[in-house]
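Since the structure comes first, as structure tokens, the remarks are kept for the end.
It should be emphasised that the depicted structure is a prediction, and the values quoted were computed from it without experimental measurement.
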Amino acid sequence: MSKTIHCKGCGAKLQITEPKHIGYTSSLDHNYCQSCFRLKNYGESHDHFHPEDLPVLEKDALIVMVSSVLNLDMLFEYPVYRYQSEATFVYLINQMDLLPKQTNTDLLLQNIINKAKNYRIPYQDIIMMSAKNPLDIENLKQYFSEFKQQHIYLIGVQNSGKTTLFKALTNNQEALAFKKAGLTQEPLFHKLNHQVIWDMPGLFQKGYIHEFLPYNTYKKMIPDQEIKPKIYQMKKDQALMIEGLISVSVNRDISLVLYLDQTIHLHKTNTNRLKDLFDKRNQHFNIFVDHYEKKTFRIVEGKHQLTFADFGFVHLDGPLSIEITQPKGLHVSLTEALFK
């Protein structure tokens, strides 16, 4: 009986018969499928697959729900506890290093706790950390060792940093951790003292930036270092352009605080110029799409967060009405701001 061989980068079963399907390689002697080999060695990615569902999880398990600080709007949107109700759940807020150093993390934690209570989310702990911080990793190893559960599952939406966390915990040098959505195809696992830790395929979130732009473009838009917030003083009937992708129009004077990668181009303009800018987007912008849609958000009093897919967000104070022009189908959400 032939042995099943899996790609060490994404976990997919290696196969040599269907070049356009997941796991294809020219030889089963290779460690990586063709897609992972190109990504690892050349930074190229042309294929994109999404696992359809979570694999079977052990009942007596520790399930770690991993969320990036860029995805906090989706923190409790996946009710995995209904999928495996007998497990123990921990929520881990990853990539805390992306937030400005002056961020009030105590307020952030308290607001997350309050949100979990309002949603009636079962959990044992909420951890805030960075997978890139060696001290955080050592503390997490010690934390895991105190649980009796043999299986630890890392679960979260795509690009939440699960594989970076997995590699740091296990010293695995072969798994791939890039800013590519849907990279992990099948569970990767590794011994961690008396336990087994599993890096699970990312949960699919429709409308994230990888659906609209090629890999070599969108990977540069997703922050990987501390975000320096940018403040824009907006007047009524002005709009702020984010590349050629999104415009944010306001109906009164207001300050917008943007949390985006420093390389993203921002441009303030008058709302009466927007049509011309979008119509001639190939002349004005380097990053744009073919189809757009408009959305209106009416914001009540208080500080709110407008999240743009998985690449950034803006803080603004209500009451306010804003109009967004965005790529058709892009995930944009309005929530209360969890930190100041």
Side-chain angles (χ1 to χ4, degrees), residues 54 62-85 87-131 136 139-140 143 153-162 165 200 202-208 222-223 227 229 256-260 295 297-320 322 324 330-340:
L54 282 174
L62 175 62
I63 296 179
V64 182
M65 299 297 298
V66 182
S67 175
S68 165
V69 294
L70 298 171
N71 309 134
L72 289 179
D73 64 319
M74 302 300 295
L75 180 58
F76 299 123
E77 295 300 318
Y78 291 89
V80 179
Y81 54 89
R82 297 178 186 171
Y83 183 89
Q84 184 49 274
S85 59
T88 299
F89 286 85
V90 168
Y91 282 81
L92 188 153
I93 313 304
N94 190 24
Q95 298 178 327
M96 287 293 295
D97 54 307
L98 296 183
L99 294 180
K101 290 183 174 61
Q102 66 269 26
T103 300
N104 187 335
T105 54
D106 291 335
L107 176 63
L108 172 59
L109 178 59
Q110 188 56 56
N111 284 337
I112 290 173
I113 291 172
N114 293 341
K115 188 173 183 178
K117 182 178 180 180
N118 292 337
Y119 278 57
R120 298 183 179 179
I121 302 296
Y123 70 93
Q124 177 139 336
D125 284 305
I126 295 174
I127 298 170
M128 300 194 303
M129 61 167 287
S130 167
D136 284 354
N139 288 338
L140 188 62
Y143 176 78
Y153 296 103
L154 305 178
I155 296 177
V157 297
Q158 53 212 8
N159 266 341
S160 57
K162 299 183 303 302
L165 189 62
M200 307 300 286
L203 299 171
F204 174 65
Q205 170 56 46
K206 185 174 177 58
Y208 275 9
I222 299 176
I227 299 171
L256 301 181
V257 184
L258 288 100
Y259 295 81
L260 298 165
K295 290 185 178 179
F297 293 91
R298 291 177 174 81
I299 302 171
V300 299
E301 187 172 355
K303 183 174 289 293
H304 289 75
Q305 176 171 312
L306 195 66
T307 301
F308 304 122
D310 52 343
F311 66 90
F313 51 88
V314 58
H315 281 178
L316 63 173
D317 292 312
L320 176 72
I322 58 174
I324 307 293
L330 185 77
H331 171 79
V332 175
S333 70
L334 178 67
T335 59
E336 291 186 11
L338 293 176
F339 68 92
K340 298 179 180 179

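You'll find the side chain of Tyr259 stays beyond 4.5 Å of the side chain of Pro223, heavy atoms only. Using a 4.5 Å cut-off on side-chain heavy atoms (C-beta onward), Val80 and Phe89 make contact. Two residues are said to be in side-chain contact when any heavy atoms from C-beta on lie closer than 4.5 Å; Ile322 and Leu306 meet this criterion. Residues Val64 and Ile127 have side chains not in contact (no heavy-atom distance under 4.5 Å, counting atoms from C-beta outward). Residues Leu70 and Phe311 form no side-chain contact, since every pair of their non-hydrogen atoms from C-beta on lies 4.5 Å or further apart. Looking at heavy atoms from C-beta onward, Leu75 lies in side-chain contact with Ile93 at the 4.5 angstrom threshold. Here the side chains of Val90 and Tyr143 are in contact, with some heavy-atom distance below 4.5 Å.
With sequence neighbours excluded, the residues satisfying ring pair (Phe, Tyr, Trp, His ring centres under 6.0 Å) with Tyr153 are Trp198.
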Test side-chain contact (heavy atoms from CB on, under 4.5 Å) on Leu154 and Met200; report intermediate values, then the result.
CA-CA 6 Å; Leu154 305 178; Met200 307 300 286; 5.6 Å; no
Does the pair Gln205 and Asn71 meet the rule for a side-chain contact (heavy atoms from CB on, under 4.5 Å), with working shown?
CA-CA 10 Å; Gln205 170 56 46; Asn71 309 134; over 6 Å; no
Show your reasoning for whether side-chain contact (heavy atoms from CB on, under 4.5 Å) applies to Leu165 and Leu140.
CA-CA 10 Å; Leu165 189 62; Leu140 188 62; 3.9 Å; yes
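How far CD of Glu77 is from CG of Leu72: 11.5 Å, rounded to the nearest 0.5 Å. Taken to the nearest 0.5 Å, the CD1 atom of Ile227 stands 9.0 Å off from the OG1 atom of Thr103. Considering CG of Leu320 and CD1 of Ile299, their distance stands at 5.0 Å, rounded to 0.5 Å. Considering CG of Asn104 and CG of Leu109, their distance stands at 10.5 Å, rounded to 0.5 Å. A distance of 9.5 Å separates CE of Met96 from CG of Asp136, quoted to the nearest 0.5 Å. For the atom pair CG (Leu203) and CE (Met65), the distance works out to 6.0 Å, reported to the nearest 0.5 Å.
With Asp310 contributing its side chain and Ile222 its backbone, the two residues share no donor-acceptor pair below 3.5 Å.
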Which pairs would a plain distance check flag for residues 330-340, meaning a side-chain donor or acceptor within less than 3.5 Å of a matching protein atom at least two apart in sequence or in another chain?
residue : atom : partner : partner atom : Å
His331  : NE2  : Asp73   : OD2          : 2.9
Ser333  : OG   : Asp73   : OD2          : 2.6

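Pairing each heavy atom of Gly207 with each of Ala309, the nearest pair is O-CB, 3.7 Å. The two residues Asn94 and Ser160 make their nearest non-hydrogen contact at ND2-O, 3.2 Å. Between Pro229 and Pro100, the shortest heavy-atom distance links the atoms CD-CG, 3.5 Å.
In this model, no donor atom of one side chain and acceptor atom of the other lie less than 3.5 Å apart for Asp106 and Gln110. No hydrogens or angles considered: nothing links the side chains of Thr88 and Gln124 as a donor-acceptor pair under 3.5 Å.
Other residues, nucleotides and ligands contribute more than 12 heavy atoms inside 6.0 Å of the CD atom of Gln102.
The list of ring pair (Phe, Tyr, Trp, His ring centres under 6.0 Å) pairs with a residue in residues 90-121, not counting sequence neighbours, reads Phe76-Tyr91.
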